[in-house]
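Bear in mind that the values here come from a model prediction, so they are computed numbers and not experimental data.
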Amino acid sequence: MNKRPLQIVSALMGAVPVITGIVQMMGIRDPLYASLHLPEDATLDSNMRFLAGVWLGLGLASWWLVPRIAQETVLFRFLWLMIFLGGIGRLVSMVNVGLPLTPFIGFTALEIVGAPLFVYWQHRVAQDKKS
């Protein structure tokens, strides 16, 4: 199985946490949340910026592994595990709090359904590399 399509898709997918992580570093002033009129709360802002930094780091790590995608199975799986767990968190929120904006429902599906598919795809690429 050719690794190039997986590398391209992974690089594009990595752009999501890089771009949104940078924007989310604005904390409660993130334009996405402007209509929510979040309170000027230092703890909330701090947590939002911290999680944005973690998200940004995930994106940078995913870009780092793109050239080594057939060899970096453990890191690839761990990154997608993090995304999968984030999707589970979103799903719990939907059950307990209600539905978020429509794009976030799509993100949740990608995180929960897409993660195992990406792991399987990389597994196939890594197996073919060994052959």
Exercise for review: Return the minimal non-hydrogen interatomic distance between M26 and P31, and the atom names on each side.
Suggested key: SD-CD, 3.7 Å
Review point. NE2 of H123 to CG of L6: how many Å apart, nearest 0.5 Å?
Key: 13.0 Å
Review point. Using links of under 4.5 Å between side-chain heavy atoms of ILVMFWY residues, direct or through other members, which residues join V113 in one cluster?
Key: L117
Check your understanding: What's the spacing between M94 CE and I105 CD1 if we round to 0.5 Å?
Key -> 5.5 Å
Check your understanding: How many angstroms lie between atom CG of L85 and atom CG of L91, to the nearest 0.5 angstrom?
Key -> 12.5 Å
Exercise for review: Please report the shortest heavy-atom distance between A52 and G21, naming the atom on each side.
Suggested key: CB-O, 3.6 Å
Point to revise | Reference residue N47; test side-chain contact (heavy atoms from CB on, under 4.5 Å); the match among L44, T43, D45 | key: T43
Check your understanding: Do you know the tightest heavy-atom contact between N2 and V125?
Key -> O-CG2, 4.0 Å
Exercise for review: Evaluate the side-chain proximity of F76 to S10: yes if any heavy-atom separation is below 4.5 Å, no if none is.
Suggested key: yes
Check your understanding: What pairs of residues pass the ring pair (Phe, Tyr, Trp, His ring centres under 6.0 Å) test when at least one of them lies in residues 81-112, not counting sequence neighbours?
Key -> F104-F107
**Study point:** Nearest heavy atoms of E111 and R90, plus distance in Å
**Key:** OE1-NE, 2.8 Å
Exercise for review: Determine, using the 4.5 Å side-chain heavy-atom cutoff (strictly less than), whether L65 and V119 are members of one ILVMFWY cluster.
Suggested key: yes
Review point. Are a donor atom and an acceptor atom from the side chains of Q7 and R4 found within less than 3.5 Å of each other?
Key: yes
Practice item. Determine whether W80 and L75 fall in the same hydrophobic cluster, where Ile, Leu, Val, Met, Phe, Trp and Tyr are linked whenever their side-chain heavy atoms lie under 4.5 Å apart. Key: yes
Practice item. Check the hydrophobic clustering (I, L, V, M, F, W, Y; side-chain heavy atoms under 4.5 Å; chains of links allowed) and say if W63 and V16 are grouped together. Key: no
Review point. Can you tell me how far CG of L56 sits from CZ of R49, rounded to the nearest 0.5 angstrom?
Key: 13.5 Å
Point to revise | Closest non-hydrogen atom pair between G59 and P17, with its separation | key: CA-CG, 3.4 Å
Check your understanding: Any side-chain heavy atom of Y33 sitting closer than 4.5 Å to one from M48?
Key -> yes
Review point. Passes side chain to side chain contact (heavy atoms under 4.5 Å, CB included), N96 versus V92? Steps please.
Key: CA-CA 6 Å; N96 291 324; V92 169; 3.2 Å; yes
Exercise for review: Measure across W121 and V9 and return the closest heavy-atom pair with its distance rounded to 0.1 Å.
Suggested key: CH2-CG2, 3.9 Å
Revision key, fill the gap. Distance col, row Q122:CD vs K129:NZ, nearest 0.5 angstrom, shows 12.0 Å
Point to revise | CA sep, side-chain torsions, deciding dist, call: I112, I88, side chain to side chain contact (heavy atoms under 4.5 Å, CB included) | key: CA-CA 7 Å; I112 293 173; I88 296 297; 4.2 Å; yes
Review point. Linking I/L/V/M/F/W/Y whenever any side-chain heavy atoms sit under 4.5 Å apart, do L60 and L79 land together?
Key: no
Practice item. Would you give the length of the straight line joining atom CZ of F50 to atom CE of M25, rounded to the nearest 0.5 angstrom? Key: 10.0 Å
Review point. Between R29 and E40, does at least one N-O distance fall below 4.0 Å, as a salt bridge requires?
Key: yes
Point to revise | ILVMFWY network linking I83 to V18, side-chain heavy atoms under 4.5 angstrom | key: no
